[in-house]
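Take a look at the structure below.
Remember, it's 1-based here, ligands and their atoms both numbered in the order they're listed.
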Amino acid sequence: MKRPIIVFDLDGTLVDTAPDLLDSLNHSLLDGALESVDYIGFKRFVGQGGRVMIERAYAAQRRALAVEELDRLLGLFMTHYTQNIPGKSLPYPGVVDAIGRLEAAGYVLAVCTNKYEANSKALIEALGLKGHFAAIAGQDTFAFRKPDPRHLLETIALAGGDPERAVMVGDSQTDIDTAKAAGIPVVAVDFGYTDRHVSEFEPSVVISHFDELTPALVEKLMVAAR
Ligand SMILES: O=C(O)COP(=O)(O)O
Ligand SMILES: [Mg+2]
């Protein structure tokens, strides 16, 4: 029988990767002779993977960007980021306890992220968390990525989870839109990477600490969604 499942976003939800993503983004932008980006800018550009992050940084500085140059800068970003994993990135407070608590309550856990799959797996492994996830799906795992709801639904299928008893946990509009399009309740964390408050995107519930992510909350959301 398929088991109830909780699917987590990665950047800005499970792990605070901002210092490393920002370092690698600026490493790449500097090579393109662009001004460096600060944390405020980063929060606007992140969410749909490295390629889109670089494109958005260029657009914000009103600079044209040819495809070949974008490919080259993405390559620089990826090499810099990959070589540095896990860098300064750390799980948010309460993540490890929440994982233990939800596993003990019988939930399957998975990750659905717009990071590349290899980087996602390397990061989660370096942080000692890989064994907890039945599936880790990145932007290149399938032929579609968030906000396409199939990214979430296929992650659930890969993990052997039950889409009728599923909850998504994320930090951005991308995650909330994805879950809604898939008909799956979504818990938004309010400490991640978004320039607008997550409540504006109308998730099922907002939490400010992983201590709030209890089996009782997850169960309540699953029941309400049926
Ligand atoms: O790296 C990104 O742009 C987004 O990654 P996330 O989907 O894990 O938030
Ligand atoms: Mg995120």
- Item | N114 backbone acceptor or donor facing Q139 side chain under 3.5 Å | yes
- Task: Would you check if the side chain of D162 reaches a backbone N or O of R3 as a donor-acceptor pair within less than 3.5 Å?
- Result: no
- Please walk me through it: do L22 and N26 pass side-chain contact (heavy atoms from CB on, under 4.5 Å)? CA-CA 6 Å; L22 195 50; N26 282 330; 4.0 Å; yes
Residue and atom name of the nearest protein heavy atom (relative to [atom]), distance in Å to one decimal:
{"atom": "atom 6 (P) of ligand 1", "value": "D9 OD1, 2.8 Å"}
{"atom": "atom 1 (O) of ligand 1", "value": "D11 OD2, 2.6 Å"}
{"atom": "atom 8 (O) of ligand 1", "value": "T113 OG1, 2.6 Å"}
{"atom": "atom 3 (O) of ligand 1", "value": "G49 N, 2.7 Å"}

For ligand 1, which atoms, with element, lie under 4.0 Å from some heavy atom of [X]?
{"X": "L10", "value": "8 (O)"}
{"X": "G47", "value": "2 (C), 3 (O), 4 (C)"}
{"X": "Q48", "value": "3 (O)"}
{"X": "N114", "value": "4 (C), 5 (O), 6 (P), 7 (O)"}

- Are any of the N/O atoms in V46 less than 3.5 Å from those in ligand 1? no
- Task: Determine the minimum heavy-atom distance between A166 and P163, stating which atoms define it.
- Result: CB-O, 3.9 Å
- Message: Heavy-atom contact check, 4.0 Å cutoff: does M53 meet ligand 1?
- Response: no
- Under 4.0 angstrom from ligand 1, any heavy atom of K146? yes
N, O or S atom within [X] nearest to the Mg ion (ligand 2), by name:
{"X": "D11", "value": "O"}
{"X": "D9", "value": "OD2"}
{"X": "D171", "value": "OD1"}

- Query: Under 6.0 Å from the NZ atom of K2, do we count more than 12 heavy atoms belonging to anything else shown?
  - Reply: no
